[in-house]
Number of protein chains: 2
Amino acid sequence: MYTIGQVSEMFNLPISTLRYYDKEGLFPSMQRQSGIRQFGETEVEALRVIECLKTSGLEIKDIKKFMEWCVEGPATYAQRKELFETRKTAVEAEMIQLQKTLDMLRFKCWYYETAIQDGNEDRLNDLMPNDLPADIQKLYNNAHS
Amino acid sequence: MYTIGQVSEMFNLPISTLRYYDKEGLFPSMQRQSGIRQFGETEVEALRVIECLKTSGLEIKDIKKFMEWCVEGPATYAQRKELFETRKTAVEAEMIQLQKTLDMLRFKCWYYETAIQDGNEDRLNDLMPNDLPADIQKLYNNAHS
DNA sequence: GTAGTACCTAAACCTGACTTTAGGTCAAGG
DNA sequence: CCTTGACCTAAAGTCAGGTTTAGGTACTAC
């Protein structure tokens with residue numbers, strides 16, 4: 001069993017955030033000892049899942065729903081699996097988006113490196129996409145697809 | 001030259017958002033024709049960059065700074081390149097984070113699939129990490145690293 | 001016995017990124 | 001002529017996800 005202060009250190013999260021999560025219902029089965037929160041293995045695992053679902057783009061109120069399903073037992077296994085499948089799809093889509101963004105950023109890095117060397121953008125402005133070096137052209141195409 | 005309505009359709013962004021971006025200074029050299037905004041090639045390219053920088057996690061006020069640098073000319077090439085380099089690093093870090101998240105999600109999918117088959121989590125609870133199937137163990141380790 | 005530390009609550013506040021509202025201009029069509 | 005549609009502004013409202021504030025409890029150390 002951990003205190004809120006210990007969990008705050010373990011997860012590098014402000015205490016206020018942990019209390020906020022609790023208030024929002026993210027730890028539906030957390031116990032108290034004369035008013036003081038007791039974080040057990042259940043809550044620590046819950047926090048790992050919270051961080052995962054948050055990173056996946058899920059909102060707090062939907063994370064709360066998931067935590068409630070966990071309390072409801074085996075009847076909700078299918079819904080819980082569905083949720084993770086949906087999140088998986090969302091994250092896969094976001095990674096594709098980020099890959100495009102990354103290629104755009106790499107293209108811009110090359111662009112400004114060239115502009116610095118030239119001292120201006122004149123040559124760059126005259127360049128057609130297929131005048132670009134092969135590797136840079138790939139970044140450009142990927143970023144604009 | 002495009003009207004705000006045309007750009008809204010092109011980028012699939014609400015007109016209100018485009019006006020908001022303008023108000024925030026994201027199109028520092030946009031022209032007006034008797035009060036009406038005129039989006040030229042500069043503004044369209046600006047919007048592509050805005051979407052890229054926003055996806056990379058940059059705030060509106062910092063995108064504004066970048067747009068101002070663009071107006072200042074060659075003197076700011078180095079700063080602009082620096083900005084894209086920094087964004088590149090940030091996105092690369094985020095992709096690593098998302099890869100971990102994805103492995104956690106895949107692990108949870110496997111977990112609940114197994115729970116559905118078993119009808120309970122008893123067997124899963126007794127499993128030590130290295131009792132897991134090799135591929136699942138990899139997901140688990142990656143997600144918890 | 002009182003100062004410090006770790007915990008608690010309710011409620012107000014904050015930030016970023018928009019969106020909505022209320023009111024106005026202007027050109028074209030019936 | 002008057003209504004419809006596309007544009008305009010300033011200002012207020014919204015929403016998520018916290019954070020801060022103000023005030024209180026309870027144990028420990030000096």
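Keep in mind that this is a model prediction, so the values were computed, not measured.
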- Item | E92(A)/R106(B) salt bridge by N-O under 4.0 Å criterion | yes

- Separation of atom CG in L58(A) from atom P in dA16(D), rounded to whole Å: 13 Å

- Item | Interatomic distance, K61(B) NZ vs dA17(C) P [rounded to whole Å] | 7 Å

- Any side-chain heavy atom of N142(B) within less than 4.5 Å of one from F107(B)? no

- When the distance from CZ of R32(B) to C1' of dA6(D) is rounded to whole Å, what number comes out? 14 Å

- Pairing of K108(B) and E45(A) as salt bridge, 4.0 angstrom limit: yes

- Quick check: are there more than 12 heavy atoms from other residues, nucleotides or ligands sitting under 6.0 Å from CD of Q31(B)? no

- What is the distance from CD1 of I36(A) to P of dC8(C), rounded to the nearest Å? 6 Å

- Query: Rounded to the nearest Å, what distance is computed from the CD1 atom of residue I63(A) to the C1' atom of nucleotide dG18(D)?
  - Reply: 13 Å

- Task: Please state how far atom CE in M1(A) lies from atom C1' in dC7(C), giving the value in whole angstrom units.
- Result: 17 Å

- Message: If you assign G5(B) and I60(A) each to the DNA chain D nucleotide with the nearest heavy atom, which residue ends up on the more 5' nucleotide?
- Response: G5(B)

- Query: Taking the six-membered ring for Trp, are Y112(B) and Y77(A) parallel (under 30°), tilted (30 to 60°) or perpendicular (over 60°)?
  - Reply: tilted

- Task: With the side chain counted from C-beta on, respond yes when V44(B) and F11(B) share a heavy-atom pair under 4.5 Å apart, and no when they do not.
- Result: yes

- Query: Which of residues 6-28 of chain A have a heavy atom under 4.0 Å from DNA chain C?
  - Reply: I15(A), R19(A)

- Query: Whole-Å distance between dG17(D) P and L53(A) CG?
  - Reply: 12 Å

- Message: The side chain of R37(B) is closest to which nucleotide in this list: dC8(D), dG17(D), dA16(D)?
- Response: dC8(D)

- Round to the nearest Å and state the distance from K64(B) atom NZ to dG16(C) atom P. 13 Å

- Message: salt bridge (Lys or Arg N to Asp or Glu O under 4.0 Å) for K88(B) and E85(B)? Distances and angles first, verdict last.
- Response: CA-CA 5 Å; K88(B) 196 158 65 76; E85(B) 294 284 3; 3.6 Å; yes

- Closer than 4.0 Å, any side-chain N/O of T3(B) to the OP1 or OP2 of dC7(D)? yes

